[in-house]
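Okay, structure first, notes after.
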Amino acid sequence: TLGIEDRVDFLGNPSPEDMNSCYANADLFINLSAYETSGKILLEACASGLPVISTPVGIANEIVKSGENGFIVPADPDMICDRILQLSNPDTRQKFGHHIRGKVLNEFGWSTIMDRYMELYGSLKKPYTG
């Protein structure tokens, strides 16, 4: 009914390979959720090097630094449009994408996560007093 069928693909339930292809072919990632529980898709997009425009939900506030690797925006169409236009510059997109990828891999990569779990488990150890 919106007349956008020639410009938008609705993938339904895409496979991981389909998602990887989508990330590789995208210029940016826009996350306009009102509520977010896991943030997995945002982490995947960031790890793929996509600059982000997101509402302030879930993990977005921890990852996205407005003006450095993407933008946190309210659900305001004019502001969202302005941020999309700011990211229309290929050099800006590349710079932001590089920054957000580095941040996510450094702070949320598996080796970092495992180090955090090991630190947590170590802090829970209590000496045996028999």
Side-chain angles (χ1 to χ4, degrees):
T1 61
L2 295 174
I4 60 172
E5 62 275 355
D6 61 330
R7 295 179 287 164
V8 176
D9 291 326
F10 293 96
L11 300 178
N13 189 17
S15 69
E17 294 78 21
D18 289 339
M19 289 304 299
N20 288 337
S21 178
C22 288
Y23 294 135
N25 290 306
D27 290 323
L28 58 106
F29 184 78
I30 301 174
N31 181 49
L32 302 178
S33 295
Y35 180 77
E36 181 66 54
T37 57
S38 80
K40 178 184 173 210
I41 194 164
L42 181 63
L43 286 169
E44 289 175 349
C46 295
S48 297
L50 292 173
V52 170
I53 298 171
S54 179
T55 49
V57 295
I59 198 169
N61 290 317
E62 293 181 48
I63 299 171
V64 180
K65 301 298 177 209
S66 283
E68 292 179 24
N69 60 19
F71 297 102
I72 297 289
V73 297
D76 172 7
D78 291 330
M79 184 175 283
I80 295 163
C81 180
D82 181 61
R83 297 307 182 254
I84 291 170
L85 290 173
Q86 285 182 297
L87 289 172
S88 67
N89 179 299
D91 293 333
T92 303
R93 281 197 315 272
Q94 183 179 19
K95 180 178 110 178
F96 280 31
H98 177 75
H99 286 172
I100 205 159
R101 178 173 161 64
K103 180 174 182 61
V104 166
L105 293 179
N106 184 48
E107 295 180 19
F108 297 94
W110 281 117
S111 61
T112 302
I113 297 298
M114 291 310 300
D115 288 346
R116 287 182 186 163
Y117 273 119
M118 295 307 292
E119 184 179 318
L120 173 64
Y121 293 151
S123 74
L124 298 175
K125 281 198 308 190
K126 296 181 181 177
Y128 180 71
T129 57

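The analysis underlying the following values was restricted to heavy atoms, covering all of them including side chains, and did not include hydrogens, waters or symmetry mates. Not measured: the values here are computed from a predicted model.
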Without placing hydrogens or testing angles, list every side-chain donor-acceptor pair under 3.5 Å for residues 25-35, not counting sequence neighbours.
{"residue": "N25", "atom": "ND2", "partner": "S21", "partner atom": "O", "Å": "2.8"}
{"residue": "N25", "atom": "ND2", "partner": "S21", "partner atom": "OG", "Å": "3.3"}
{"residue": "N31", "atom": "OD1", "partner": "S33", "partner atom": "OG", "Å": "3.3"}
{"residue": "N31", "atom": "ND2", "partner": "S54", "partner atom": "OG", "Å": "3.1"}

If hydrophobic clusters are built by linking Ile, Leu, Val, Met, Phe, Trp and Tyr wherever their side-chain heavy atoms come under 4.5 Å apart, do [X] and [Y] end up in the same one?
{"X": "L50", "Y": "V104", "result": "yes"}
{"X": "I113", "Y": "Y121", "result": "yes"}
{"X": "W110", "Y": "Y117", "result": "yes"}
{"X": "L105", "Y": "L43", "result": "no"}

query = When you look at CG of D6, are more than 12 heavy atoms from neighbouring residues, nucleotides or ligands closer to it than 6.0 Å?
reply =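 Buried by this count: over 12 neighbours within 6.0 Å.
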key: Partner residues of E17 under the side chain to side chain donor-acceptor pair (under 3.5 Å) criterion, sequence neighbours left out   =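 S15.
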Using the salt bridge (charged side-chain N to carboxylate O under 4.0 Å, His left out) rule, collect all pairs that involve [range], keeping only residues at least two apart or in two chains.
{"range": "residues 96-107", "result": "K103-E107"}
{"range": "residues 33-60", "result": "K40-E44"}
{"range": "residues 74-90", "result": "none"}

message = Ignoring hydrogens, what is the shortest heavy-atom contact between F96 and L87? Give both atom names and the distance.
response =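 The answer is CD2-CD2, 3.6 Å.
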Pair up each side-chain donor or acceptor in residues 57-75 with any protein partner under 3.5 Å, not counting sequence neighbours, and list the distances.
{"residue": "S66", "atom": "OG", "partner": "I72", "partner atom": "N", "Å": "2.8"}
{"residue": "N69", "atom": "OD1", "partner": "K65", "partner atom": "N", "Å": "2.7"}
{"residue": "N69", "atom": "ND2", "partner": "I63", "partner atom": "O", "Å": "3.1"}

